[in-house]
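Structure record follows, encoded as structure tokens.
Every value quoted in this text rests on a predicted model; they were computed, and no experiment measured them. A, B, ... follow the sequence lines: proteins, then strands. Residue 1 opens every chain.
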Protein chains: 2
Amino acid sequence: MIEYSSQPHYLVAVDCIVFGFDGETLKLLLVKRSLEPEINKWSLIGGFVGAEESTDDAAIKVLKKNTGLDGIYLEQFKVYGKPDRDPIERTLSVAYFALIDIKKYSQQLNADYHAEWFPINERPELIFDHNTMVADARKRLRYKAALHPILFELLPKKFTLPQLQTLFEAVNDMKIDTGNFNRKMNSTGLLVKLDEKDKSSSKKGAYYFKLNHKKYRSDFHLVFNLLPNLSLDL
Amino acid sequence: MIEYSSQPHYLVAVDCIVFGFDGETLKLLLVKRSLEPEINKWSLIGGFVGAEESTDDAAIKVLKKNTGLDGIYLEQFKVYGKPDRDPIERTLSVAYFALIDIKKYSQQLNADYHAEWFPINERPELIFDHNTMVADARKRLRYKAALHPILFELLPKKFTLPQLQTLFEAVNDMKIDTGNFNRKMNSTGLLVKLDEKDKSSSKKGAYYFKLNHKKYRSDFHLVFNLLPNLSLDL
DNA sequence: CCAAAAGTGTTACCTTTACACCCATGC
DNA sequence: GCATGGGTGTAAAGGTAACACTTTTGG
């Protein structure tokens, strides 16, 4: 029987940075940690990787358990592998960021899992290196969102251009010129204008759009320039 | 004593996709695997992560051991975490891509470690999922190289514009217009023209340039547009 | 009618692309 | 002097940014 002699073995966890958008601010889904150490402190949604599952599977499972949702946009972005990042025992964490339509998130589960949305700039202190993870995830989200139409994952099926613009402004902490933004978005071919208007935030009303899913899938990998004065900072 | 009960533990390895450039083609540094299973088959440079080192440390160590080089450009890009990717025992692999100036690589070590450069398109079959890793690393390199001036890491201190262009063409499998390429590169402010010329490949000779390291460091994170018809495909 | 938000138009400017052209020199 | 690779010039087309302007409608 071949074996890798006496190499050390470690625990492996996944942690998910779950972004949501309520129409105004970018939010983060956090849970109260249910095990020692640091029990009852705020933490990212995470869990250990089981023997029969891939890290991707583990992340999907953890998200399903905490939000009840399937088919969430999920992207592995970094491994945190410092020997002492968990004080109890060496644990590597594979970090994923997730984008979910906050409206799909059933509020009921909130109570079950002690999960809660926080505006990203008003979040509590997190355990271990989770604060760093959030900062890294945010940079990565900005980076990716400037080049790929990823932010649609955060919006409901029907959305308006002003909503979309607010989302881009929230993610990137910047003001964007409406005229240029609309032209740019319309020119991507990703938007399908609906007849219906959203009158909740103005008298004139803003047309609803939906995503052209076929084009979204086919063009997803292309590099767009969705931001003015593109200068990211990853 | 707090502990994480009976969660499973796994081996953790790092694997490095090491790119080099000889002035003509993009190359990959491979080694003959020295342990069972698949002993003597070609493999990426890798090793297990020791108890006292981070994954980054482990990657640096593995590279140092196999190339004798310090200060290599190294970037973690993905974790491979399928349960059965190693047939002997579950092992997660943290993949890094590395860029080295092939001229700095001391040929002598080649013999010591059975490492060898292969043109990227004429490489042998690799063990496990290493073929996938190479494909992924190459995509990632293209992506990053289109937006950040990362390819200078592959060049010697002095280089010419035609060399730089050949490198971009090799990485991206495309022909690039010389005039436009030169103008774009010169406009970045990253190049310092030297008085000396390289006459090895033409009668007229091509001016040597060196990298403006200060500008390289300060502007590294900015998003350039270093390729024509930018349309990547990560 | 007016305020306020949605959305369009206009223009100056810059970048990109394609390609023609000039330059230097060893043979 | 001419072939060869190095390097510059140019003009058309397209994209970007700034901002003025029009539209709609509830109060």
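For residues 150-173 of chain B, the pairs satisfying ring-ring contact (aromatic ring centres under 6.0 Å, His included) are B:F152-B:F159, B:F168-B:F181, with sequence neighbours left out. For residues 73-82 of chain B, every residue pair satisfying the side chain to side chain donor-acceptor pair (under 3.5 Å) rule, not counting sequence neighbours, is listed here: B:Y73-B:E75, B:E75-B:K144, B:Y80-B:D136. Screening residues 196-215 of chain A for ring-ring contact (aromatic ring centres under 6.0 Å, His included), with sequence neighbours left out, gives no hits.
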Under 3.5 Å, which donor-acceptor pairs link side chains of residues 25-32 of chain B to any protein atom two or more places apart or in another chain?
unit_1: B:K27; atom_1: NZ; unit_2: B:D22; atom_2: OD2; d: 3.3

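Under the side-chain hydrogen bond (donor to acceptor under 3.5 Å, both in side chains) criterion, B:D70 pairs with B:K64, sequence neighbours left out. Residues that satisfy the salt bridge (charged side-chain N to carboxylate O under 4.0 Å, His left out) test with A:K41, not counting sequence neighbours, are A:E38. The ring pair (Phe, Tyr, Trp, His ring centres under 6.0 Å) search around B:F118 returns B:W42, not counting sequence neighbours. Residues passing the ring pair (Phe, Tyr, Trp, His ring centres under 6.0 Å) test with A:F128: none are found, sequence neighbours excluded. Considering only residues two or more places apart in sequence or on other chains, B:K193 meets the salt bridge (charged side-chain N to carboxylate O under 4.0 Å, His left out) condition with none of them.
Contacts of residues 154-171 of chain A with DNA chain D (heavy atom under 4.0 Å): none. Near-neighbour residues of DNA chain D inside residues 195-204 of chain B, defined by a heavy atom below 4.0 Å, number-ordered: B:S201, B:S202, B:K203, B:K204.
With DNA chain D read from its 5' end, the first of the two nearest nucleotides for B:F209 and A:G205 is the one closest to B:F209.
The aromatic ring centroids of A:Y143 and B:H148 lie less than 6.0 Å from each other.
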Every protein N/O within reach of nucleotides 9-13 of chain C N/O, cut-off under 3.5 Å:
unit_1: C:dG9; atom_1: O6; unit_2: A:R183; atom_2: NH2; d: 3.4
unit_1: C:dT10; atom_1: O4; unit_2: A:R183; atom_2: NH2; d: 3.4

